[in-house]
**Student:** 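The structure's right below; bear with me while I get my questions together.
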Amino acid sequence: MTEAWTAKQRARWPLLIAQLEGSWTPPSWEAIPQEAIASLDASLSAAVENALPSSEERDARERIATKIAPVLERAVRGSKVLPFGSAETGLVLRGGDVDLCVVVSSDKGQKRLVRDIARALREENYTSIQPITRAKVPIVKCRDAVTHLPIDVSVNNTLALRNTELIRSYVQLDERVRALVVLVKHWALHRGLADAFGGTLSSYAWTVLALRHLQSSTPPLVPNLQEGDPRRVETMDGRTFDTTIADGEALSCPLSLGELFAGFFHRWFVEHAWSSQVVSLRQSAELNRKKHGWPLPKPSPLDVLQGRAERCGEHLLPIEDPFDLNHDLSRVVRPEGWADIMEEGLRMWKGLVEGASLESLLATSDHATLPEAPRGLFDDLRDRPRGEVETMLQDARDAHDDVALLLEALSEERRRTISMAKAMRGTLQPSSGMPEDVVFLLETLRERAVAMKQFQQHRDGIDEVAMLPMNRIGQELQRLHRSLTSEVDVDHVPSLRNEQRDFARFLAVQAMHQSKPNADASHAAYVDLLRAQRDDVKQFAALHLTVEPKHEARLAEVDLKAVRIRTGDVDEYDRRANLLSNLVRDQRRERKRLSREIGRLTAYLGGGRRSNRNQRRQSEGHQHRQPRPKVDVEEVRQRAMDGGTLSLEDLGALLDEGGVVGTGNNAPSRSRQRHTSPKKRQSQRRPKPSGRRHDGQGRRHDGSR
Ligand code: UTP
């Protein structure tokens with residue numbers, strides 16, 4: 001006979017398998033010593049306190065709900081945000097999620113609204129955003145950026161609002177209701193049994209099981225709150241639901257928390273006939289599976305676990321939703337989850353009977369996934385020295401400045417690209433004989449032409465002095481260095497004149513070696529701008545506009561004939577505009593995140609004004625991100641125009657200030673720099689080596705000239 005269970009399965013589900021094989025029977029209710037139950041009470045009360053969130057966490061949860069509500073209401077116009085779930089019923093556990101429902105009358109389906117919400121949350125710096133559109137109720141999962149508390153947002157989840165109301169009504173009946181449900185949820189969570197996405201039951205299903213136990217304990221503690229008149233019937237999504245919730249009072253029940261807790265495990269893991277009954281809170285009874293239309297699953301979970309089938313049937317642990325009577329809360333349970341639940345229930349019951357410590361029975365199991373402990377605003381800072389936090393603040397400010405600069409450039413380029421696309425479509429508004437945006441475009445082309453000229457002149461200025469191509473400069477340097485430093489042969493002592501000549505040449509070639517990369521950087525910047533210019537000019541020319549005489553001067557500065565004209569490709573501009581919009585959005589989000597981080601770090605350090613960033617860095621002796629040394633730009637500019645050598649710092653400072661030709665009135669001002677393309681700005685800020693090739697005579701081959 002082949003072994004039905006693997007060794008791994010036997011190790012994972014020892015009690016369940018022993019029971020199924022008939023080698024072990026769970027102890028009866030009478031087997032549990034009364035004193036064991038009595039001694040449970042104190043430790044159970046302590047466990048409840050431990051499982052509940054601290055008052056700080058409760059406050060944080062409220063702050064999160066208040067902060068996110070306007071974001072959601074903006075994302076879904078005309079909506080209202082309502083809290084539901086355990087935070088509303090008083091059953092929330094430490095680190096538990098914040099459940100919010102966006103209520104709206106909208107033609108858009110739930111899935112589309114869920115996507116809109118995910119987008120809005122992304123823009124507001126929520127983290128771990130995960131729209132789940134395939135679930136029975138589509139939701140967006142995310143986390144608060146500061147505390148990392150999980151947040152679930154659903155749309156028009158009206159039934160959940162109603163069942164929250166029902167559970168709250170039960171919880172308010174007696175303190176033991178809250179205590180028992182919290183203990184059951186805590187046990188399920190720590191033993192890896194409360195994960196609807198992972199194949200076990202939802203916390204909500206465990207809540208319903210606990211409440212049903214309190215309805216049927218001997219004697220019962222709570223009545224059925226769904227009985228009585230008048231009835232409330234509501235239509236949701238074309239279906240009607242009886243959502244009546246009656247006022248009620250706790251029944252006279254002397255049972256202690258220990259008795260109720262032990263009774264819960266005895267009821268569901270020893271007594272209840274899962275194979276023939278459906279749990280119904282609504283009817284305050286166990287219903288017949290067959291009559292209810294929820295027969296035994298075929299194939300069964302055992303068929304799947306023992307390899308006789310791949311997929312299991314439905315209704316593994318049938319639990320009727322109190323309002324949606326067609327909804328089995330065990331719909332999500334998979335065969336392994338079913339076996340885990342049964343094993344853990346039996347383990348708890350056996351442990352209680354045998355007097356095992358509550359601590360060991362509630363200990364977190366290997367496969368439990370617990371919520372992250374919520375973080376305080378300053379948790380990550382407390383163990384750091386003050387100087388380190390100051391550096392973090394300074395870094396955040398620097399990064400914020402960089403992002404702001406980049407954002408400005410991207411926004412500008414995006415505006416320009418959209419204008420270009422509009423111009424291509426001929427949708428611009430005419431004004432004073434010429435569309436305003438066309439004038440703007442001309443201005444853009446003209447500004448870029450001026451910038452290109454500056455880079456070109458700078459490059460050519462250096463090239464005039466350093467005529468050799470880079471590889472030849474290297475060879476010549478090596479040759480001269482060898483000749484000046486090689487051992488002197490007494491028979492061939494070089495004349496003083498020749499040695500002086502070689503030395504002077506060595507210095508000249510060395511200067512070329514230093515300045516050549518600057519020419520290359522300028523050339524690279526020039527080529528970048530040229531490409532952008534050529535694209536825009538092509539598109540502009542394709543408009544076939546009649547240009548007024550007063551604008552001709554501007555046009556003259558843009559050499560339209562210098563490029564071949566191709567018929568317009570508006571789609572390309574749309575694509576660029578889209579891409580730029582995405583980049584702008586990302587950068588805005590990043591800027592917002594950095595602003596918050598700056599606020600947080602400043603608050604932690606107790607305020608204080610911003611000091612000069614370079615001074616602060618220098619005084620703290622930072623080695624990374626060295627500030628650029630102070631450069632006398634006018635002096636450097638003069639040197640460059642005279643053909644002198646420039647260091648990379650010189651070139652960087654020069655380009656920051658508008659380039660070589662941009663002296664005095666010609667120099668692009670800061671505000672004019674703002675209107676240059678990001679490409680150009682990038683080139684200006686980070687000169688990069690050119691990829692152009694040279695032939696033996698120092699001519700370039702880059703296709704641009
Ligand atoms: P949870 O399963 O998260 O319950 O469902 P909870 O008690 O809030 O659990 P924790 O403490 O946060 O983990 C949240 C709410 O979603 C609705 C119920 O209103 C429940 O209170 N819900 C959940 C349903 O309506 N049906 C389901 O099948 C599951």
Side-chain angles (χ1 to χ4, degrees), residues 48 51-53 57-58 60-61 64-65 82-103 110 132 135-144 149-171 177-211 234 236-237 239 241 243 245 279 281-282 314-333 337 368-374:
V48 172
L52 294 172
E57 188 183 322
R58 255 192 282 265
R61 211 178 285 280
I64 290 171
L82 297 173
F84 70 102
S86 57
E88 285 300 291
T89 54
L91 297 173
V92 70
L93 303 184
R94 235 162 239 247
D97 53 15
V98 177
D99 291 304
L100 295 167
C101 173
V102 177
V103 182
Q110 269 178 318
I132 302 176
K136 181 170 176 274
V137 177
I139 57 168
V140 186
K141 285 184 164 294
C142 66
R143 281 182 186 273
D144 175 61
L149 278 171
I151 307 168
D152 283 4
V153 183
S154 48
V155 179
N156 287 342
N157 196 0
T158 322
L159 220 45
L161 297 172
R162 297 290 175 270
N163 62 43
T164 296
E165 201 183 324
L166 176 69
I167 293 168
R168 191 177 37 225
S169 302
Y170 274 115
V171 169
V177 179
R178 188 162 97 113
L180 180 74
V181 182
V182 165
L183 285 169
V184 168
K185 279 179 59 177
H186 175 81
W187 162 78
L189 182 70
H190 283 258
R191 301 304 297 174
L193 313 171
D195 182 6
F197 290 97
T200 53
L201 288 168
S202 64
S203 289
Y204 171 66
W206 286 112
T207 304
V208 170
L209 280 181
L211 294 177
E234 294 181 87
M236 299 170 200
D237 280 339
R239 290 178 61 201
F241 299 96
T243 57
I245 301 170
V279 179
L281 186 66
R282 153 81 171 261
E314 289 187 322
H315 312 300
L316 272 62
L317 297 166
I319 306 162
E320 186 191 71
D321 181 88
F323 293 130
D324 184 354
L325 307 185
N326 292 327
H327 178 39
D328 174 5
L329 300 184
S330 78
R331 208 176 74 132
V332 289
V333 175
T369 40
L370 298 185
E372 246 178 71

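Atoms within a ligand are numbered from 1 in the order they appear, just like the ligands themselves.
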**Student:** By the definition side chain to side chain contact (heavy atoms under 4.5 Å, CB included), identify the one residue from Val182, Leu180, Val181 that meets it with Val48.
**Tutor:**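 One option only clears the test, and that one is Val182.
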
**Student:** Which residue supplies the protein heavy atom nearest to atom 22 (N) of ligand 1, what is that atom called, and how far is it?
**Tutor:**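 The answer is Tyr204 CD2, 3.8 Å.
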
**Student:** Starting from atom 21 (O) of ligand 1, what is the nearest protein heavy atom, named by residue and atom, and what distance separates them?
**Tutor:**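 Of every protein heavy atom, Gly85 CA, 3.3 Å lies nearest to atom 21 (O) of ligand 1.
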
**Student:** Tell me, which protein residue and heavy-atom name are nearest atom 14 (C) of ligand 1, and how many Å apart are they?
**Tutor:**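 Ranking protein heavy atoms by distance from atom 14 (C) of ligand 1, first comes Asp99 OD2, 3.5 Å.
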
**Student:** Provide, to 0.1 Å, the distance between atom 8 (O) of ligand 1 and the closest protein heavy atom, together with that atom's residue and name.
**Tutor:**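 The closest one turns out to be Ser86 N, 2.9 Å.
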
**Student:** How far is atom 16 (O) of ligand 1 from its nearest protein heavy atom, and which residue and atom name does that atom have?
**Tutor:**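 I find the closest protein heavy atom is Phe84 CE1, 3.4 Å.
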
**Student:** Once you round to the nearest 0.5 Å, how far does CD1 of Ile139 lie from SG of Cys101?
**Tutor:**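 Going from CD1 on Ile139 over to SG on Cys101, the span is 12.0 Å.
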
**Student:** Less than 4.0 Å between a side-chain N and a carboxylate O, is that true for Arg282 and Asp321?
**Tutor:**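 Here Asp321 does not pair with Arg282 in a salt bridge, since their nearest N and O are not under 4.0 Å apart.
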
**Student:** Taking only heavy atoms of Thr164, which atoms of ligand 1 are found under 4.0 Å from at least one of them?
**Tutor:**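 Here the atoms of ligand 1 in question are 19 (O).
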
**Student:** So that I can tick it off, tell me whether Arg168 and Glu88 are bridged by a salt bridge, with the cut-off set at under 4.0 angstrom between side-chain N and carboxylate O.
**Tutor:**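 Yes, charged N to carboxylate O under 4.0 Å.
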
**Student:** Work out whether the distance between some heavy atom of Leu159 and some atom of ligand 1 is less than 4.0 Å.
**Tutor:**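 Judged by the 4.0 Å heavy-atom criterion, Leu159 does not count as contacting ligand 1.
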
**Student:** Could you find the nearest protein heavy atom to atom 7 (O) of ligand 1 and give me its residue, atom name and distance?
**Tutor:**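 Result: Lys185 NZ, 3.0 Å.
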
**Student:** Give the residue and atom name of whichever protein heavy atom lies nearest to atom 12 (O) of ligand 1, and the separation in Å to one decimal.
**Tutor:**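 In this structure, atom 12 (O) of ligand 1 has Asp97 OD1, 2.6 Å as its nearest protein heavy atom.
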
**Student:** Identify the closest protein heavy atom to atom 25 (O) of ligand 1: which residue and atom is it, and at what distance?
**Tutor:**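 Answer for atom 25 (O) of ligand 1: Asn163 ND2, 2.9 Å.
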
**Student:** In plain terms, say whether Asp97 and Arg61 are close enough for a salt bridge, that is, a side-chain N and a carboxylate O under 4.0 Å apart.
**Tutor:**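 No salt bridge links Asp97 with Arg61.
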
**Student:** Between the side chains of Thr158 and Asn156, is a donor N or O closer than 3.5 angstrom to an acceptor N or O?
**Tutor:**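 Short answer, no.
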
**Student:** Relative to ligand 1, is Leu329 under 4.0 angstrom through side chain, backbone, both or neither, heavy atoms considered?
**Tutor:**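 Near ligand 1, Leu329 shows its side chain, while the N, CA, C and O stay back.
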
**Student:** Measure His327 to ligand 1 on non-hydrogen atoms and call it side chain, backbone, both or neither using the 4.0 Å cut-off.
**Tutor:**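 Only the side chain of His327 comes within reach of ligand 1.
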
**Student:** Side chain or backbone, does Ser203 bring an N or O within less than 3.5 Å of an N or O on ligand 1?
**Tutor:**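 Right, the criterion is met.
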
